[in-house]
2 protein chains.
Amino acid sequence: MPAKRKPAPATAEHAPLQLEHFLPYRLSILSNTISQAIADDYQRRYDLSMTEWRVMAVLGRFEGLSAREVAERTAMDKVAVSRALSRLVEAGRVNRDIHDGDKRRSVLSLTEAGWAMHDEVAPMARARERAVLARLDAEERVWLERILDKLQAGNGGRATANRD
Amino acid sequence: MPAKRKPAPATAEHAPLQLEHFLPYRLSILSNTISQAIADDYQRRYDLSMTEWRVMAVLGRFEGLSAREVAERTAMDKVAVSRALSRLVEAGRVNRDIHDGDKRRSVLSLTEAGWAMHDEVAPMARARERAVLARLDAEERVWLERILDKLQAGNGGRATANRD
DNA sequence: TCGTTATAGTTACAAATGAAACCAATTGCA
DNA sequence: TGCAATTGGTTTCATTTGTAACTATAACGA
């Protein structure tokens, strides 16, 4: 019995998938690896989940969003956003006010503590992104950008993101 | 109050992330969208989870793997594999035998029913992949291949896949 | 202006996932 | 040999996540 046994392919007529060359699989691995690396930077240190960070990131970019708008921008569903927000508000990282003309809507923003954390985590995330892109040369980066644009254009509307 | 309110960027000094241009985020959305589309093809129809399908896919490609080898090839952790296998064996889709020289190891293969299902699902997955790649021209596909190779090369070994 | 329908958000419950402890068989080595 | 360390795999428990139902407010139409 050899040490690194590579079992022979199954019977020919079945045409099995070769996961290692299957685009959806490769994307999944790559995406999860990167997202997890970023998450590792802050999860324990700040007791912050990925969903929570994602919410904070959009609130850093756009102040005064409602929960639903946060859900749209993060591609999370509203329940996930609700849960993330209740933890963030609890932890004093996000302010939740009520919309003037509509008592159902919340008006969300980062607190001072929230901003402080944001300003530490955002650079770490950016650094990870740079580390990934550093594996590509300038030409490849341009193509990647273009390819992602085209691939995303095809997705009707349905989309969810789990990690970042 | 305009219909499609786009809140103004937060104060300048904070340098928030622009998720819509942030590579990890874009990859996450894209990957989850594609994986979910594939999963939608079989989840309800066959009462098959994504992890279960992933296990079946590698067993379709390599017969006689042990559970640990399946875990390696699917980038799932061994607990997830164990759970998927117990359901698959239960459902009569996978045979679990015991290795001759090592009573701890299992020797896994698809049953006839397992193969039948495999032969229906694999083409659907491939069709989805084709649909995605169809959005690119030949040159872009070549670059994508190359870029994925380089990006994946950078990942030490740690990697997990959730969806496919 | 009343009743229906739609929207924002939360709650409750079930299913999926992750981490650690665990069992059994095997290996390594004194 | 014999016993500690390792490996393959499962079980258990806590946490996370997804889905559906629910509350409250607002919008719409007769």
Side-chain angles (χ1 to χ4, degrees), chain A residues 1 3-5 28 32 35-36 39-40 43-44 47-55 64-90 94-108 158-164, chain B residues 1 3-5 28 32 35-36 39-40 43-44 47-55 64-90 94-108 158-164:
Chain A
M1 244 161 275
K4 241 191 175 177
R5 190 164 60 93
S28 172
N32 289 335
S35 293
Q36 196 52 55
D40 288 346
Q43 300 250 60
R44 286 172 189 278
D47 184 30
L48 186 71
S49 75
M50 271 192 278
T51 54
E52 283 161 33
W53 164 245
R54 193 160 279 198
V55 168
L65 293 182
S66 70
R68 190 186 56 73
E69 290 168 323
V70 169
E72 273 174 18
R73 296 203 173 263
T74 53
M76 293 162 56
D77 81 275
K78 64 179 185 171
V79 178
V81 170
S82 172
R83 287 197 266 242
L85 281 172
S86 70
R87 279 213 5 136
L88 289 169
V89 170
E90 175 70 22
V94 166
N95 291 316
R96 173 156 49 191
D97 300 315
I98 293 177
H99 188 94
D100 278 0
D102 185 344
K103 287 176 200 152
R104 294 169 308 178
R105 297 173 60 110
S106 50
V107 176
L108 303 162
R158 224 64 332 258
T160 47
N162 286 333
R163 338 229 143 200
D164 81 10
Chain B
M1 241 162 276
K4 242 191 174 176
R5 190 165 59 95
S28 173
N32 289 336
S35 292
Q36 196 53 56
D40 287 346
Q43 299 251 62
R44 286 171 189 279
D47 184 30
L48 186 71
S49 74
M50 269 192 279
T51 54
E52 284 161 32
W53 164 245
R54 193 161 278 196
V55 168
L65 293 182
S66 70
R68 189 186 58 71
E69 290 168 322
V70 169
E72 273 174 17
R73 296 203 174 259
T74 52
M76 293 163 57
D77 79 275
K78 64 178 186 170
V79 178
V81 170
S82 172
R83 286 198 266 241
L85 281 172
S86 69
R87 280 216 1 139
L88 289 169
V89 170
E90 175 69 23
V94 167
N95 291 316
R96 173 156 47 190
D97 300 314
I98 293 177
H99 188 94
D100 278 1
D102 185 343
K103 287 176 203 155
R104 294 168 307 177
R105 299 172 60 109
S106 48
V107 176
L108 303 161
R158 226 55 343 249
T160 47
N162 286 332
R163 335 230 145 202
D164 82 9

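Chain letters run A, B, ... following the sequence lines, proteins first, then strands; residues in each count from 1. Since the model is a prediction, treat every value here as computed from it, not as a measurement.
- Side chains of Arg105(B) and Ile98(B) form no contact here, defined as non-hydrogen atoms less than 4.5 Å apart.
- As a whole-Å value, the separation of Asp100(A) CG from dT25(D) C1' is 15 Å.
- In the set dT10(C), dA8(C), dG9(D), dT10(C) carries the atom at the smallest distance from any side-chain atom of Ser82(A).
- dT17(D) atom P lies 11 Å from atom CZ of Arg87(A), rounded to whole Å.
- Look at CG on Leu85(A): it is 14 Å from P on dT17(D), rounded to the nearest Å.
- In this structure Arg104(B) satisfies the salt bridge (charged side-chain N to carboxylate O under 4.0 Å, His left out) test together with Asp102(B), sequence neighbours excluded.
- Ranked by how close their nearest DNA chain D nucleotide is to the 5' end, Val79(A) and Ser49(A) are led by Ser49(A).
- Closest approach to the Asp102(B) side chain among dT26(C), dG8(D), dT17(C) is made by dT26(C) (side chain taken as heavy atoms from C-beta onward).
- Taking atom CD on Glu69(A) and atom P on dT7(C), their separation rounds to 14 Å, with Å as the unit.
- Listed pair Arg96(A) / dT10(C) meets the phosphate criterion, a side-chain N or O lying under 4.0 Å from OP1 or OP2.
- Nearest heavy-atom pair across Gln43(B) and Met50(B) is OE1-N, 3.9 Å.
- Ser106(B) comes within 4.0 angstrom of the backbone, heavy atoms only, and of no base.
- In this structure, Arg68(B) places its CZ atom 16 Å from C1' of dT10(D), rounding to the nearest Å.
- Take the nearest nucleotide of DNA chain D for Lys78(A) and for Lys78(B): the residue whose nucleotide is more 5' is Lys78(B).
- Helix-axis bend for the helix from dT1(C)-dA30(D) to dA30(C)-dT1(D): the local axis fitted to the five terminal pairs at one end deviates from that at the other end by 10°, rounded to 10°.
- Taking only distance into account, the side chain of Arg83(B) meets the base of dG18(C) through a donor-acceptor pair shorter than 3.5 Å.
- Rounding to whole angstrom units, CE of residue Met50(B) and P of dT17(D) are separated by 14 Å.
- In this structure, Glu69(A) does not pair ionically with Arg73(A), as no charged nitrogen and carboxylate oxygen lie closer than 4.0 Å.
- Here Arg87(A) pairs with Asp47(A) in a salt bridge; the nearest charged N to carboxylate O distance falls below 4.0 Å.
- When distances are taken from the side chain of Arg104(A) to each of dG9(C), dT11(D), dT25(D), the shortest belongs to dT25(D).
- For Lys103(B), counting side-chain heavy atoms from C-beta on, the closest listed nucleotide (dT26(C), dA8(C), dG9(D)) is dT26(C).
- The separation between Ile98(B) atom CD1 and dT26(C) atom C1' is 15 Å, rounded to whole Å.
- Separating the CD atom of Glu72(B) from the C1' atom of dG8(D) is a distance of 12 Å, rounded to the nearest angstrom.
- At a threshold of 4.5 Å between non-hydrogen side-chain atoms, the residues Glu52(B) and Arg83(B) do not count as touching.
- Note that the OG atom of Ser82(A) and the CZ atom of Arg68(A) stand 14.5 Å from one another [nearest 0.5 Å].
- Side-chain nitrogen and oxygen atoms of Ser66(A) include none within less than 4.0 Å of the OP1 or OP2 phosphate oxygen of dA8(C).
- Between Leu85(B) and Arg96(B), some side-chain heavy-atom pair lies under the 4.5 Å cut-off.
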